[in-house]
Amino acid sequence: RAALSWRARARHLVRLLLPAVLTAVLVMLLAGCGQGGDSSGDEAGADHLVLRYRMADRPRDLDPQMAVTQTDRQLAAMLFTGLLGYDAAGKLAPAVAESWTVSDDGLRYLFRLRPTTWTNGEPVTAQDFANGIRRILDPDIRHPLAPLFLAIENSEDVRRRKVAASKLGVRAIDTDILEIDLVRPMPGFLALLADPAASPVPLATIRRYKRARTTPQRIVSNGPFRLE
């Protein structure tokens, strides 16, 4: 499985989102986030690409687990990168996940992450992904996609506050290895992990800046674009 290059992912996102009232400027750092890539295409020789993005309405929240409107979700998909994504042909492809295995019974997924960094220079870890998925099932957030994640072990009890979020069947085995346990096989589970809601989360930034966490001055992201 060949991982999507940051440039390829950016080009694909631009093609998807261009048909969308000018309210945001995003900058793709072609050498940023510790990622390389080819130098072909019309961006060759440039050190960044600026996308002035037309949106139907004003964004409300760019936190990937709080983004529920179409505009917010589109922007979150550009600012954050999950375990998997989609290639130019619309097929699932590795993103931050370098590789993965699924147990024979379809109940355990093991992801190995490739080295990537947040925009503040800190490494993106398996725990960041575990924290993101835990937030989807946080009863205080009430994410509309939470019911789709109920195949994860202990997810229903977490939503009902019967057990702590740490008991959810999503855990960091190492800094670069994420394990997810299900209670029943779910054929579309990998596609679910490509949703912006399943993006990693910079928990320290969220706790420190709270409501200001997604302003251009404070937001910490790991996607091919960054907000300015």
Side-chain angles (χ1 to χ4, degrees), residues 1-4 9 12-13 16 63-70 72-74 76-114 116 124-201 203 222-223:
R1 303 183 181 97
L4 290 173
R9 177 174 165 77
H12 181 49
L13 286 168
L16 286 176
D63 180 325
Q65 283 83 43
M66 301 295 286
V68 294
T69 69
Q70 181 179 4
D72 290 352
R73 284 172 52 79
Q74 288 175 335
M78 303 179 79
L79 296 170
F80 294 88
T81 296
L83 293 166
L84 292 92
Y86 291 93
D87 61 20
K91 296 181 179 180
L92 274 175
V96 177
E98 182 177 64
S99 62
W100 60 86
T101 59
V102 184
S103 62
D104 291 340
D105 60 7
L107 298 181
R108 175 163 290 178
Y109 290 71
L110 202 62
F111 298 88
R112 182 174 293 277
L113 279 54
R114 59 193 178 91
T116 59
V124 176
T125 68
Q127 188 61 52
D128 296 329
F129 279 96
N131 291 338
I133 296 175
R134 286 174 183 174
R135 293 180 81 221
I136 296 173
L137 293 157
D138 185 331
D140 291 328
I141 291 179
R142 298 181 181 180
H143 198 287
L145 294 185
L148 299 180
F149 288 81
L150 292 182
I152 298 177
E153 185 180 67
N154 291 328
S155 55
E156 191 63 63
D157 286 343
V158 169
R159 287 187 77 202
R160 295 180 178 180
R161 304 180 194 274
K162 291 184 176 180
V163 300
S166 60
K167 299 296 183 180
L168 187 67
V170 180
R171 59 189 63 86
I173 302 301
D174 204 338
T175 56
D176 63 343
I177 299 178
L178 180 72
E179 181 182 271
I180 302 179
D181 289 327
L182 307 184
V183 294
R184 59 182 179 274
M186 185 176 179
F189 188 65
L190 289 176
L192 195 59
L193 296 179
D195 190 274
S199 298
V201 60
L203 211 53
N222 74 319

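Fair warning: this is a prediction, and the values are worked out from it, not measured in the lab.
Across all their heavy atoms, Val201 and Gly132 have their closest contact at CG1-N, 3.4 Å. When all heavy atoms of Ala194 and Leu92 are compared, the closest pair comes out as CB-CD2, 3.8 Å. The heavy-atom pair separating Ile141 from Arg135 by the smallest distance is CD1-O, 3.4 Å. Pro64 and Pro196 get closest at one heavy-atom pair: CB-O, 3.4 Å. The minimum heavy-atom distance linking Ala172 with Leu178 is given by the pair N-CD1, 4.4 Å.
Listed by chain and residue number, nothing satisfies the side-chain hydrogen bond (donor to acceptor under 3.5 Å, both in side chains) test with Ser166 (two or more places apart in sequence, or in another chain). Residues passing the ring-ring contact (aromatic ring centres under 6.0 Å, His included) test with Phe129, sequence neighbours excluded: none. Remark: Asn131 pairs with Gln127 by the side-chain hydrogen bond (donor to acceptor under 3.5 Å, both in side chains) rule, at least two apart or across chains. In this structure, the side-chain hydrogen bond (donor to acceptor under 3.5 Å, both in side chains) partners of Arg161, at least two apart in sequence or on a different chain, are Asp140. Take Asp104 and apply the side-chain hydrogen bond (donor to acceptor under 3.5 Å, both in side chains) test, not counting sequence neighbours, and it matches no residue.
The CG atom of Asp138 lies 11.5 Å from the NE2 atom of His143; values are rounded to the nearest 0.5 Å. Here the CG atom belonging to Leu168 is positioned 12.0 Å from the CZ atom belonging to Arg159, to the nearest 0.5 angstrom. To the nearest 0.5 Å, the span separating CG on Asp128 from OG1 on Thr175 amounts to 10.5 Å. One distance of note links CD1 of Ile136 with CG of Leu192; it measures 7.0 Å at 0.5 Å rounding. Leu150 CG to Asp157 CG: the interatomic distance, rounded to the nearest 0.5 Å, is 10.5 Å. Between the CD1 atom of Ile152 and the OH atom of Tyr109 there is a distance of 10.5 Å, given to the nearest 0.5 Å.
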Stepwise side chain to side chain contact (heavy atoms under 4.5 Å, CB included) test for Glu156 and Lys162: CA-CA 9 Å; Glu156 191 63 63; Lys162 291 184 176 180; over 6 Å; no
Stepwise side chain to side chain contact (heavy atoms under 4.5 Å, CB included) test for Thr81 and Thr116: CA-CA 10 Å; Thr81 296; Thr116 59; over 6 Å; no
Audit row: Glu98, Asp176, side chain to side chain contact (heavy atoms under 4.5 Å, CB included) steps and yes/no: CA-CA 10 Å; Glu98 182 177 64; Asp176 63 343; over 6 Å; no
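Glu153 places no side-chain N or O within 3.5 Å of a backbone atom of Leu182 that could act as its donor or acceptor partner. Panel note: side chain Arg114, backbone Ala95; a donor-acceptor pair is recorded below 3.5 Å. Panel note: side chain Asn154, backbone Lys167; a donor-acceptor pair is recorded below 3.5 Å.
Note on residues 177-197: pairs passing salt bridge (Lys or Arg N to Asp or Glu O under 4.0 Å), not counting sequence neighbours, are Arg73-Asp195, Arg108-Glu179, Arg108-Asp181, Arg171-Glu179, Arg171-Asp181.
At least one side-chain heavy atom of Asn222 sits less than 4.5 Å from a side-chain heavy atom of Pro200. Contact of the Trp100 side chain with the Leu83 side chain is not registered, since no non-hydrogen atoms from C-beta on lie closer than 4.5 Å. Residues Leu107 and Pro185 meet the side-chain proximity criterion, which asks for heavy atoms closer than 4.5 Å. Side-chain contact between Leu190 and Phe111 is present, with heavy atoms from C-beta onward closer than 4.5 Å.
Taking the six-membered ring for Trp and thresholds of 30 and 60 degrees, Phe189 and Phe149 have ring planes more than 60 degrees apart, a perpendicular arrangement.
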